[in-house]
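Residue numbering restarts at 1 for every chain, and letters A, B, ... go by the order of the sequence lines. Just the heavy atoms: all of them, side chains too, but no hydrogens, waters or symmetry mates, feed the values below.
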Protein chains: 2
Amino acid sequence: MSERPRRNRSETEDRLKSALKSVLAEGGFGALTPSRVAAAAGVDKMLIYRYFGDLEGLTRAVAKGPDFFPSMEDVCDGDVAAILALPVPDRAAAIAVNFAHCLLERPLVLELMVWELVERNQLTAIMETEREETGLRIARELFGDLADNTGHRVNAITAILGAAVTYLALRQRKIRWFNGIDLKSDAGWAEIEVTIRAMTAHLAA
Amino acid sequence: MSERPRRNRSETEDRLKSALKSVLAEGGFGALTPSRVAAAAGVDKMLIYRYFGDLEGLTRAVAKGPDFFPSMEDVCDGDVAAILALPVPDRAAAIAVNFAHCLLERPLVLELMVWELVERNQLTAIMETEREETGLRIARELFGDLADNTGHRVNAITAILGAAVTYLALRQRKIRWFNGIDLKSDAGWAEIEVTIRAMTAHLAA
DNA sequence: TCCTTTTGTCTCCGTCCAGAGACAAATCAT
DNA sequence: ATGATTTGTCTCTGGACGGAGACAAAAGGA
């Protein structure tokens, strides 16, 4: 009974975009084929080529959407000043844990981050530079006040914590336990938080 | 002119195994198909099914080979006692860095570890339990002397360091830089080592 | 020698895929 | 109303794939 217009390019594009998301969410990037996305959208696959060039163009259009990747504000849980007011260990731990939560609630981002580990293409190249910039910005703006002797290690510290959190977030999608830690439980992540705080405790400015 | 016997099951099995390795090394697990492996072995693909059940059976046969995954001895660089003699921060840093080197020199293991992040099957399930056991064993045997108040965090500490090193090792296959660190250079890994040591410095027993 | 088992090849089938091109229907401009 | 453009569907080609099954050749036992 609905009176939707039957020819509407922008609506079709949206259908394709959200179809891509659901295909990606259900079957992973291994299931990401033009045929499947088009079928999920209830639309002919040729429209992918006509409107987005190819599947990668469609994927890029989805990933370029705002609020897709976690921003610095997300990592600060919305309040940059509050994070900056924390002492360095708490700050590092808070950022790491916020980052973890950002990832855990963005399954599509996790899917793309796994993809990034598997192959390199135009899409993952885009992600790569975007994330590199955000990471360095976090190190600069959120830890720029560190004393020089520790400051020159800020990149390495954020790299290690970021890498750890990223791997644990990627891993929990398929495997619950890592080294005795339950990655599917709040308790597991709380333990990680406490430990990060302990490991950064001596880095006080 | 060579006088090799033309019918030799065990040789054929070996050819298939090493063909699987080279296919995996060249094209990643996404390129791992019976057709390709058989072609690389110069053998008909039906022999995979006849001799190993299916491709997964062949993969399992390869992965079960000795010295495939890094053992605790590898992680200790051959001398467990020497590692145990180190103070805790140096010990943790040494193990983490040895573990990194073990991974970096085992591209096939890295490939399987990425696979593990992508999907779960019988093969990755085997890897999962094997690695979980090794990880816990390292925590127990190499850090069992820690005081209780830090000791109860040993799992979390080794999880964080192991996760960080793993992600960095996985990532450097496709992307050189992470957070300003050059993962393709010895200098980059040296910086990681120094930073791990700094981050564990206060955990002295 | 003959017969059985093992080892390996070859053909075939059904399925899925990317993508080109022709075509039809709706919308828009005039 | 009419012609052009946009939007969408359909068919087709060429190829890769997994895997079943028939077949051939060699090895080995009698």
Are [X] and [N] close enough that a side-chain N or O sits under 4.0 Å from OP1 or OP2?
X: B:Tyr51; N: C:dG8; answer: yes
X: A:Ser35; N: C:dA18; answer: yes
X: A:Arg9; N: D:dT7; answer: yes
X: B:Thr12; N: C:dT7; answer: no
X: A:Arg7; N: C:dC28; answer: no

Does a donor on one side chain and an acceptor on the other come within less than 3.5 Å for B:Trp115 and B:Glu119? yes

Determine whether the side chains of B:Thr12 and B:Asp14 contain a donor N or O and an acceptor N or O closer than 3.5 Å.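 No donor-acceptor contact under 3.5 Å links the two side chains.
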
What integer distance in Å separates [X]:[atom1] from [N]:[atom2]?
X: A:Arg15; N: D:dG8; atom1: CZ; atom2: C1'; result: 12 Å
X: A:Arg50; N: C:dA24; atom1: CZ; atom2: P; result: 15 Å
X: A:Lys45; N: C:dC17; atom1: NZ; atom2: C1'; result: 7 Å
X: B:Asp54; N: D:dC17; atom1: CG; atom2: C1'; result: 15 Å
X: A:Asn8; N: C:dC28; atom1: CG; atom2: P; result: 10 Å
X: A:Leu47; N: C:dG19; atom1: CG; atom2: P; result: 15 Å
X: A:Met46; N: D:dG8; atom1: CE; atom2: P; result: 13 Å
X: B:Asp44; N: C:dC12; atom1: CG; atom2: P; result: 15 Å

Judged by each residue's nearest nucleotide on DNA chain C, which is more toward the 5′ side, A:Arg36 or B:Ser10? B:Ser10

Charged N to carboxylate O below 4.0 Å: is that the case for [X] and [Y]?
X: B:Asp74; Y: B:Arg106; result: yes
X: A:Glu191; Y: B:Arg153; result: no
X: B:Lys174; Y: A:Glu128; result: no

